[in-house]
Asks: 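Here it is, the structure in full.
Chain identifiers are assigned alphabetically (A, B, ...) following the order of the sequence lines, protein sequences preceding nucleic acid strands; residue numbering begins at 1 within each chain.
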Amino acid sequence: MTQALPKNFDFKEAEDRLYRWWESHGYFKPEAAPADAEPFVISMPPPNVTGALHTGHALFVSLEDAMIRYQRMNGKAALWVPGTDHASIATQLQVEKLLASEGTSREQVGRDEFLRRAWTWKHTYGGRIIDQLRRLGASCDWDRERFTMDDGLSDAVLEAFVRLYDQGLIYRGPRLVNWSPGLKTAVSDLEVEREEEIGKLYFFRYPIEGGGFIPVATTRPETILGDTAVAVHPDDERYQQYIGKNALVPMIDRPIPVIADSYVTREFGTGALKVTPGHDFNDYELAQRHNLPVLSVMNRDATLNALAGQYAGLDRFVCRERIWADMTAAGLTIEVRDHTMVVPRAERGGEVIEPMISEQWFIRIAPLAEKAAQAVRDGHIRIVPERFEKVYFHWLDNIEDWCISRQLGWGHRIPVWYGSDGSRVVSKTTPAAKDGVTYTPDDDVLDTWFSAGLWPFSTLGWDKQTPDLARFYPTDVLETGYDILFFWVLRMVMFGLWFTDEAPFHTVYLHGLVRDKSGRKMSKTLGNVIDPLEYMNQYGTDPLRFTLLTSGTPGNDINLDTERIERNWRFVNKIWQMSSFVLGGLPDDLEAGAPAPSALDLPSRWIMSRLHHLSADVTRLIDAYQFGEAGRQIDEFLWGEFADWYIEISKYPLYNGSDAEKRAAQRVLLTVLDTALRLLHPYMPFVTEDLWRYLPHAPGESEALILARWAQSDPAYFDDAAEAEMTLLIDLVRGIRIVRTQYEVEPGRKITALIQPGTHRAALESCGYIFSRLCNVADYRLMTDGEAAPENSAAVAAGDMTVFLPLATFIDATAECERLTREVEKLDEQIARTQNMLGNEQFIARARPDVVEKERARLESLSATAAQIRDRMTGVCG
RNA sequence: GGGUGCAUAGCUCAAUUGGCAGAGCGCUUCCCUUACAAGGAAGAUGUUGCAGGUUCGAGUCCUGCUGUGCCCACCA
């Protein structure tokens, strides 16, 4: 070829160049395919604008880009819609941190200024993650990039809210919700993490009006101030006498009833329960059953309020200490014990969540959940791996109404206005003032997952009937981590079905977490964070992608061994070097494609058979989302079969063969390389595309690998006989190498061989040369039938072939006898096993015929080999 | 408490409907042979966590157990 291949792959130079080239030619766009091509669409899980690239991003990009590139090569109009998420809480925290560093706060600067600062933040950092996704080779359509707070998407959010409201599925009300006192907002159940912690269990006396007391245990003495009952089990004899009487709240002497409810566990603590419906979810339910008042004794920042009497104004934890001390002084305390308990903490920030009564907006979720469950049950949506379907159903069966309002500044405003006359208007736009009534908007914003739930269709223009929406919705595969199955995937399914009447995608592929080598979650405090950028800088993007794709199985966590990245960097180099070999010295007029199967020599029939099996297997595996196994098979084929054997064998026709033989070998080499690059492209887009430039292409073939046709498997090249015969020849080569090693024949020393060809005379006559190339046999001769074995020689057998190596000076009869004895023992073991199997009538009767046949062939081959060696032993061992 | 995943070579992981347990890394020895020392050749390393069961045949399917992770859940 005209262009010479550089010595090595310069990924630093190539990655940027190729990415620009792809993008500038519009290859990432679905329009690159014919107008009538079937679409294949993935909505990218939008990273947070606050984020910096981590291994989770690297994994999802590797997987989704592989899917997209695979489908694109299969002729689909592939569209990968990218974008970012405003991530309301996460971003707000960052901006608040920034404000704090300037000595101010969200409250002090006011809503407008806060929003201005948040947008500045978005513009500054939102692009960073996008640039990093590009470095990973993400072939998404950047012209269709979206942000959840873009005008169009914001409009979709308002539209969705208004529709749900009009359908009676959104309501507002005071409810007990998970409250984050630091952020001063409600958070959803999913945003609360429950960790076991060692706390204390406080035992104290609840005085009863008219004398006596009930001992009660609590983990949170400060909530005593909000108690509205003491509950005991109806059958508990200890406390029968008090049921119906009043107890007095310690320190503030508020009378509350003693009630009986079988919810109380007699065995736990004292068997009596203080009921604080304003600050505990269980107690709230209990209070509903007994018509108890619900007292909220805390402010939004979790300091105690006026209802707490002398404790008003104290922080909840300070109050805990104070009230306990006061109760002790008053003789009401019994004891304090260490106690393992579950403490709810905010997913973001980690502070202790306080259940609080507040006015919030909710979605009545049951009707949406029902459709979502049905879609999976009916098979309209398939989850990979399948086991997550169970988790999905379980969650839907137990779903609670979704609290969608957040008391945050950054996010989608709730489209509700309150009139000065006390009216309430739900509308996408501000109602016009009339009759002196003015309107003020609702202060709250929506849960960030509300807009995320619309993502697959809002990014395509919904609720406008855009051409994109018509052509590319529903999407095909939704690929994301199993950790956001509930947060995100389910919400998309519910909203998609509800608003578009269609499942937003037909397949959900879930990947696992990327952990460190020893399986620990990556964390800054542990110092075990693997930075993908660091490895991309050192080894390039391809090795990182290949490693992530081949390190695990669907749905399971990956313990990332970074040494694999280095190994795969060597694999990239290996591919480069084998390409260099294949492309070196190709004639300009080389015929396209491989010769017909009938025109091939044995090694070529073998490698072409292996290649076409590989194409079939890789295609099948990728279709089944088995990217790991598919990648490993390509690896094993390229390095273990093509490079180690075929390339070495091809050197004979290349260097010593006739022109026809040489050209045939070149065509096979080129075909294998060409096909391998196609198969590998979804895994390693950069090195494969860069090499593609140097390959001669048939007329009409794409100049860009990214658009080239996916490798097709042609069964005409399947050749079991060639594979079997070649396997024997390889065994012989290995055997000769072993003999050389064992007898310490210098590697450079050429030896001679006599070959008893058995039934393989034809193969050995045509390709006996492989022994010269692969194990340094200078000359060899095929023996006639019945010809006696040469004196002082070592024997290597495979099938019914035997190679004799006359190594007079090296051979010691005793050693050779021992070696052969070991060989034959090994063979006998295997023969016995096989004979045993074949002697079993049940096996013959019940095993699959091809399995039986395989065993028969195996026995035949092993027996022939053993016979050769035995025969030899009679001569050597004496 | 319910559900679910994992357990295979020293380490990280494979094993496509049950059909000869493999790879990479690391380790030992040798080799700079004209694609590649970022390479090549040879080698050692396994009761597939334990105990049963189904089957001609189990790493794979079933039951129980042990260890470990995750998800869900209202014991103060």
Side-chain angles (χ1 to χ4, degrees), chain A residues 5 7-8 189 194 201 216-220 223 231 263-265 267-270 272-276 280-286 339 341-342 385 387-388 390-391 394-395 398 482-483 485-486 512-513 515 517-519 521 550-553 555-564 566-584 617 620-621 624 626 628-630 632-633 635-636 639-640 643-644 647-648 651 655 734 737-738 740-742 744 746-748 773-776 830 833-834 837 840-848 850-852 854-855 858:
Chain A
L5 196 61
K7 194 165 164 44
N8 296 101
D189 294 346
R194 290 158 210 280
L201 189 57
V216 172
T218 181
T219 55
R220 308 183 57 203
T223 63
Y263 162 74
V264 179
T265 309
E267 294 74 29
F268 188 88
T270 63
L273 172 70
K274 61 186 275 307
V275 183
T276 321
D280 185 283
F281 287 96
N282 299 313
D283 293 5
Y284 185 77
E285 264 183 43
L286 195 59
H339 177 60
M341 56 194 222
V342 176
R387 63 185 145 90
F388 284 102
K390 211 178 232 179
V391 186
H394 181 259
W395 199 75
N398 298 288
Y482 63 68
D483 53 322
L485 176 61
F486 305 139
L513 258 55
R515 300 168 174 279
K517 184 182 172 179
S518 35
K521 213 166 169 171
T550 56
S551 284
T553 46
N556 289 325
D557 292 351
I558 290 173
N559 294 348
L560 182 60
D561 182 351
T562 55
E563 288 187 344
R564 291 180 72 139
E566 185 184 327
R567 185 273 170 184
N568 288 326
W569 163 70
R570 294 206 302 272
F571 181 38
V572 167
N573 177 65
K574 187 78 181 178
I575 293 164
W576 191 268
Q577 300 307 333
M578 59 180 87
S579 303
S580 171
F581 173 80
V582 171
L583 298 172
D617 287 343
R620 178 178 52 78
L621 288 165
Q626 306 261 349
E629 184 58 18
R632 286 184 290 268
Q633 290 203 12
D635 185 334
E636 280 164 27
W639 203 325
D644 287 351
I647 282 186
E648 291 308 320
K651 286 175 182 173
Y655 299 154
R734 290 205 166 113
R737 285 172 178 168
I738 291 169
R740 293 187 62 119
T741 302
Q742 286 182 352
E744 296 178 338
E746 297 94 325
R773 275 282 156 194
L774 299 179
C775 39
N776 217 2
Q830 296 181 65
R833 238 191 97 264
T834 313
M837 253 183 170
N840 185 334
E841 282 174 35
Q842 297 290 332
F843 174 72
I844 303 295
R846 302 197 186 185
R848 273 199 334 253
D850 64 302
V851 173
V852 177
K854 215 168 117 191
E855 289 302 323
R858 190 174 134 74

Asks: Would you indicate what A/R740 reaches in the nucleic acid, counting non-hydrogen atoms under 4.0 angstrom: base, sugar-phosphate, or nothing?
Replies: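 Nothing, no heavy atom under 4.0 Å.
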Asks: Scan A/K390 against the nucleic acid and name what it touches under 4.0 Å (heavy atoms): base, sugar-phosphate only, or nothing.
Replies: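 Counting heavy atoms under 4.0 Å across all strands, the contact made by A/K390 is with sugar-phosphate only.
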Asks: Taking CD from A/E744 and C1' from B/U28, how many angstroms apart are they, rounded to a whole number?
Replies: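 Rounded to the whole Å, the gap is 14 Å.
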Asks: Does the base of B/C13 carry an N or O that pairs as donor and acceptor with the side chain of A/R564 under 3.5 Å?
Replies: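 Looking at the base of B/C13, it does not pair with any donor or acceptor on the side chain of A/R564 (distance under 3.5 Å).
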Asks: Could you state the OH-P distance from A/Y284 to B/C74, rounded to the nearest angstrom?
Replies: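 It works out to 15 Å between those atoms.
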Asks: Remember a base hit wins even if backbone is also touched, and classify A/V572 as base, sugar-phosphate or nothing at under 4.0 Å, heavy atoms.
Replies: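 Nothing, no nucleic acid heavy atom in range.
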Asks: Counting heavy atoms from C-beta on, name the nucleotide in B/C25, B/C72, B/C36 closest to the side chain of A/R567.
Replies: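 Nearest listed nucleotide: B/C25.
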Asks: Look at the side chain of A/E648 and the base of B/A35, then say whether one donor and one acceptor between them are separated by less than 3.5 Å.
Replies: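 Result: at least one qualifying N/O pair found.
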Asks: Pick base, sugar-phosphate or nothing for A/K517, based on heavy-atom distances below 4.0 Å to the nucleic acid.
Replies: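 Answer is sugar-phosphate: A/K517 comes under 4.0 Å of backbone atoms only.
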Asks: Using a cut-off of 4.0 Å on non-hydrogen atoms, how would the nucleic acid contact of A/G640 be classed: base, sugar-phosphate, or nothing?
Replies: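 No contact.
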Asks: Base, sugar-phosphate or nothing for A/L273? Non-hydrogen atoms, less than 4.0 Å.
Replies: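 A/L273: base contact, heavy atoms under 4.0 Å.
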Asks: What is the nucleic acid contact for A/R194, judged by heavy atoms within less than 4.0 Å: base, sugar-phosphate only, or nothing?
Replies: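 Touches nothing.
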Asks: Can A/W569 be classed as stacking with the base of B/A38, given a centroid separation cut-off of 5.5 Å and a plane angle cut-off of 30°?
Replies: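 Yes, aromatic ring over the base.
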Asks: Reckon A/F388 touches a base, only the sugar-phosphate, or nothing at all at heavy-atom distances under 4.0 Å?
Replies: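 Since no nucleic acid heavy atom lies under 4.0 Å of A/F388, the category is nothing.
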Asks: A/L286 near the nucleic acid: base, sugar-phosphate alone, or nothing, with a heavy-atom cut-off under 4.0 Å?
Replies: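 Counting heavy atoms under 4.0 Å across all strands, no contact is made by A/L286.
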